[in-house]
Amino acid sequence: MIPNRFEHAQAASEINQRWDEAGCSHAEIDKSKQPYTIVIPPPNVTGALHLGHGLNNTLQDIMIRTKRMQGYSALWMPGTDHAGIATQAVVERRLKEQENLSRHDIGREALVERIWSWKDQYEARILGQLKRMGCSCDWRRTRFTLDPQCAAAVRATFFDLFQKHLIYRGKRLVNWDTFLQTAVSNDEVENVTKKGHFYHFRYPVIEPQPGEPEFVEIATTRPETMLGDTAVAVHPDPEAALRKIETELLEKLESVTGKEADDLRDQLDAINSRQREMLGNLKVLRNMALDGRQLMLPLAERPIPLVTDEWAKPELGSGCVKLTPAHDPNDYEVGIRQSLPMINILNADGTLNSVVPAYEGLTIPKARKQVVNDLDEAGLLGEIEDRDIEMPLSDRSKTAIEPYLADQWFVKMADLSQSAMDAVSSDEVQIFPPRYRKGYLDWLGEKRDWPVSRQLWWGHRIPIWSARFDSQTEAQSVADASRQLGTESQLAVTLQEEPAEIQGGPSSYSVFVCLRDEDSPLEPKVEALGLVRDDDVLDTWFSSALWPSSTLGWPQQTEDLEYFYPTSTLCTSRDIITLWVARMVLMGLNNLGQVPFSHVYIHPTILDGNGERMSKSKGNGVDPIDVIDKFGPDALRFGLARIATDTQDVRLPVQYECPHCEKLIEQTKKNRTVATVPCPACGETFSTQWAESEAEKAFPKSAVVSEKFEDSRNFVNKLWNASRFVLMNLEGYQAQPIDVPSLPVEDRWLLSRLATVTKEVTEGIEQFKFAEVGRMLYDFAWNEFCSFYVEIAKPRLSDPEQRQQTQNVIAYGLDTLLRLLHPIMPFVTESVWSYLGELADQRGLQPQAASEFLMLADWPSYHAEHYDPTIERQFAEFQQVVGAFRSIRASQNIPPKEIVPATIRCTQSSQALLQPMLAYFKALAGADVQEIGEQAAAFETDAPLTIPAIDIEVHVDLEKFIDVEAELKRLEKLQTTISRQITGKENKLANENFVSRAPADVVQGERAALEDLVKRRSTIEIDIKRLKEKASLN
RNA sequence: GGGCGAUUAGCUCAGUUGGUUAGAGCGCUACGUUGACAUCGUAGAGGUCACAGAUUCGAAUUCUGUAUCGCCCA
């Protein structure tokens, strides 16, 4: 027999085991079925999953379970991502914290070994989290982006791109993380605003001509970079530039007023005063630049040119800008334009190199201080302003990013990007919600080459061997010799000239050899020619970009690939549309000639109660396991599905759960970063994720959860109990076909509602409307199935004549509801399914044996013929009458157990419907209906309620219960409301415009409504009068 | 600076092509527990739909602008 309570912890683990043993989530190639494939966005092995992942994976599971039930061969490919830089950073940081060692102390092999063991630990944790959530991945296929199969795909792709000359090496300005000593991509850099200074310097002019200034003033927020300056720029036409700004301001000024206009006028004044006071000087400087004047760079004592370039803004500062092409992205662009030397002043660790020996070895902050001091002593320091400065920080190490000139491998993006843009423009890949198309297309449209090398030890090592030569002929001969070593399918060779201006030295020539196979026998031969393998590894996204095909076996032409590729839907969050989705599309097209998926669904981001993204490092990350422990996996999933609207963010307030008293304590910005928290409810102290010392850890640790899952937990409970009711009443069940036309109204209502809900849920999932699907199922199950159908079934089940038919219908109803709910709440539905199978194995419209697992059962089909709008409308009348009785009872404080005499005045057609249902008013509203029809009368001591929309008036006999005060209060309140409505309607109808311009049916409707209201008001007024008379008699 | 999103009840959110009295869950108030469920039931209170303007007979809904918050990009 079904237990009293659904013990989710026990049930879920048993069910998981049964599914696992039966291989329910394993997908096989089955040519008789359509494939449906989802690849999981592989979670980083950096850390455990939080609710953001919980949402992501719940939605995927809803889709895959639905498709599986719909008869597809549904494959959900699981796995994890090695997340190169992130994981290495975490392990390195721990190494530093716990053992005070750097990666260089322990060496490449030892570090990589430690990262592998970290990976093993977190991969297991992550897969465990997914399993407990009920994710029906095909676990037998679990992959890892660094495993041999994925590595083979990486190698094949890299070789192919290299062969197509889409991979090249360049010295480029990269975002250098001086802590991790690697380049990071733009996307791994976040900008923060900090308080800083704006330093003004004077650079002496070498041999100024008469009338020319002796110094040029520049300003910078990063003084130490001046050691690498290679020019100072002035605008080529400062007069025109200022005039242009002036014109623009004037134009703008015409269209605005108030505060904004004042701002503009201030700006205009500033420009005008510049035109008066500075323009002359700027013109002189421009002419000096054109005349080839040079400046003496202080401290370095190096002559540098004065050049003209539009990057110098005559409206800002002194109008001159120093150029440090090797350490500033904008200056770098100017440097390329102006063919300036690029002087690197940094070592890889962020200390200064020997370019200016006096500063060698200093860290950047120290060098900055020293440079400022030295310039001051030299009398070249001007004003120092306070100013907010934008500082780039590495996402990974949280240290400052330095722009740094380094050798990097790049993928040429022009054609690849175009292909990925075309795929979306042509709708071959559809993105939902569609507003995300723009970001995708804009980003790809920039066609920026992709820097793929990372100076890390954890990742796919770049399969290139290289050597650099000063002489072209020498390089050529080594390149030729390399080519002789194997065939074009084994190796690819390029020779690349690296021009002088980039390096700041003479040109050189590099030979690159890319080997196709891992552990190729060619390796020693290549090395014998003096070529050395690149130390760097590939950007993590390079391997993730291959995920949809590498997991299916590509580059091998496997049967899996043939059958399951392209995949169907990719479900992810918006922050990686460009980083990942775009790259998968272009790699899929390059490697297989086919897009990797047809649909991309972007779900919202979960924020905490303060509107901040969840993350472990903020302390507001919620572990799905904590939620599962407290509320159960079904509640977690249902709760998540219900917040998956198509907005971009959703808020989920977060609480600590006190381990002593289980009270939930709202998380605040304050208490979420401390090690221990005193519980305001019980006074005991608990610890948080920040607990470190023994003393802190001695307090029991609090789970972090969200009370938003409480309603979902209640819903699971409701479903369980409704199911229990059904099961407890199936004694003597006999399977019988359900003859729909012969069914009473309530049964046909249920079938009609089931048909509609089935249709809407099916479509909703198809269209990624998960929140709506959740709401529909919740409303149907709770407010219709439980509150009405089950209540009505109670008297019918105790009536021997109706019992059997009711059992058949209710079993069918529950069966369908379980199927519809299964993708969202797999455990509780699977559990009920087993119990139902024990009592009513054969069930349905045409009874059939139920499958062993609900997970593998058929999705309900939409019975259009069951949808009956008349029945639904009639039943709605019944519900409204029930509501009217309840409302009267409540206002009269009639005790729930008392059955009150009642009558219903209604039209003949309503009477025809309600007559057979009269008994249910007793069950649902404690009303004993003694009379129904057009002539049904009020009682001597009467409480009436009119439902104008359906022309029904209900009356309750208050003889035994009359509470005149309460009744008067109720009626008078009603009277006020109605009067207000009447006024509104009268005004509306008195408006000539409304009557003449609004559609006739709307006007007609308003008139009818007004008439009803007036009628009601007079009825109520009569009732009030009668009641008052009665009161005065007593 | 550009793009995207949000702003509706104390909280978290729905709100279909503009049309009677703007909804739900939680929270709150009152009443209720031996018969599926107190993780429950019934009833109720609670909203100038951020602000300003425009379109319209009629705007939470369409348009323009403003403010606040968030995210992304430069």
Side-chain angles (χ1 to χ4, degrees), chain A residues 2 4-6 186-187 190-191 255-256 258-260 329-330 390 433 435-436 438-439 442-443 446 573-575 577-578 604-605 607 609-613 631-632 635 639 642-643 645-653 666 706-708 710-729 771-772 774-775 778-779 782-783 786-787 790-791 793-794 798 882-883 885-897 924-926 948-949 970 973 977-978 980-981 984-985 988-989 991-999 1001-1003 1005-1006 1008-1010 1012-1013:
Chain A
I2 184 163
N4 283 337
R5 291 165 56 95
F6 178 58
N186 280 335
D187 315 288
E190 55 177 332
N191 287 303
S255 58
V256 299
K259 185 171 163 277
E260 211 182 339
N330 293 306
E390 287 277 300
R435 65 172 180 275
Y436 292 113
K438 186 170 155 49
D442 287 352
W443 186 83
E446 290 179 22
S573 63
R574 66 175 183 282
D575 49 333
I577 294 173
T578 51
T605 303
L607 308 178
N610 297 312
E612 294 183 49
R613 272 181 90 104
F631 298 109
R642 273 221 303 185
I643 60 174
T645 57
D646 76 352
T647 55
Q648 69 177 15
D649 300 316
V650 289
R651 279 182 184 219
L652 200 70
E666 205 62 38
S706 174
E707 67 187 1
K708 295 306 288 179
E710 230 169 62
D711 15 333
S712 305
R713 188 263 321 264
N714 297 351
F715 180 51
V716 171
N717 178 63
K718 187 74 180 177
L719 180 71
W720 177 259
N721 278 297
S723 306
R724 256 186 85 216
F725 170 81
V726 174
L727 294 164
M728 288 163 67
N729 284 285
E772 210 176 309
R775 200 177 53 243
Y778 182 96
D779 289 345
W782 200 308
N783 299 328
C786 293
S787 295
V790 166
E791 291 305 323
K794 283 175 183 172
S798 44
V882 168
F885 283 136
R886 286 173 172 172
S887 164
I888 293 172
R889 294 184 61 115
S891 68
Q892 292 299 309
N893 297 319
I894 297 171
K897 280 182 202 158
L924 272 73
R970 178 180 80 90
K973 189 180 157 204
T977 324
I978 289 173
R980 205 183 306 136
Q981 285 173 31
K985 292 257 183 288
K988 202 169 188 181
L989 285 162
N991 181 348
E992 186 51 38
N993 272 329
F994 173 68
V995 178
S996 59
R997 300 212 196 178
D1001 56 329
V1002 172
V1003 177
E1006 288 295 305
L1010 178 61
D1012 269 333
L1013 286 167

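We name chains A, B, ... by the order of the sequence lines, and we start the count at 1 in each one. Hydrogens, waters and symmetry mates play no part in the numbers below; they use all other heavy atoms, side chains included.
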May I ask you to verify if any side-chain N or O of [X] is less than 4.0 angstrom from the OP1 or OP2 atom of [N]?
X: A:S891; N: B:A43; value: no
X: A:K794; N: B:G35; value: no
X: A:N4; N: B:C37; value: no
X: A:W782; N: B:A36; value: no
X: A:K718; N: B:G41; value: yes

Using both pair distances under 3.5 Å as the test, note the stems of at least 3 consecutive Watson-Crick or G-U pairs that include RNA chain B.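 Stem list for RNA chain B: B:1-7 with B:67-73, B:10-13 with B:23-26, B:28-32 with B:40-44, B:50-54 with B:62-66.
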Separation of atom [atom1] in [X] from atom [atom2] in [N], rounded to whole Å:
X: A:R997; N: B:G19; atom1: CZ; atom2: P; result: 19 Å
X: A:D442; N: B:C71; atom1: CG; atom2: C1'; result: 16 Å
X: A:I643; N: B:C11; atom1: CD1; atom2: P; result: 18 Å
X: A:E710; N: B:G27; atom1: CD; atom2: C1'; result: 11 Å
X: A:D779; N: B:G25; atom1: CG; atom2: C1'; result: 10 Å
X: A:K897; N: B:C31; atom1: NZ; atom2: P; result: 16 Å
X: A:L652; N: B:U12; atom1: CG; atom2: P; result: 11 Å

Quick one: list whatever passes side-chain hydrogen bond (donor to acceptor under 3.5 Å, both in side chains) with A:R713, sequence neighbours left out.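 None.
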Using the side-chain hydrogen bond (donor to acceptor under 3.5 Å, both in side chains) criterion, which residues pair with A:D649? Sequence neighbours excluded.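 Applying side-chain hydrogen bond (donor to acceptor under 3.5 Å, both in side chains) to A:D649 gives A:R574.
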The side chain of [X] is closest to which nucleotide in this list: [options]?
X: A:D711; options: B:G25, B:G70, B:U56; value: B:G25
X: A:N714; options: B:G32, B:U39, B:U12; value: B:U39
X: A:F994; options: B:G19, B:G25, B:A36; value: B:G19
X: A:M728; options: B:A36, B:G25, B:G3; value: B:A36
X: A:V650; options: B:U12, B:C37, B:C13; value: B:C13

A:Q892 (side chain) and B:A43 (base): donor-acceptor pair under 3.5 Å: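 No pair found.
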B:A6 to B:G27 separation - C1' atoms, rounded to the nearest Å: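 It works out to 24 Å between them.
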To the nearest 0.5 Å, how far apart are CG in A:L719 and CZ in A:F6?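 Going from the CG atom of A:L719 to the CZ atom of A:F6 covers 9.5 Å.
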Quick one, A:I643 and A:L652 - any side-chain contact, counting heavy atoms below 4.5 Å?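 A:I643 vs A:L652: side chains touch.
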Could you tell me whether the side chain of A:F885 reaches within less than 4.5 Å of the side chain of A:L924, counting heavy atoms only?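 Counting from C-beta outward, A:L924 and A:F885 never come under 4.5 Å.
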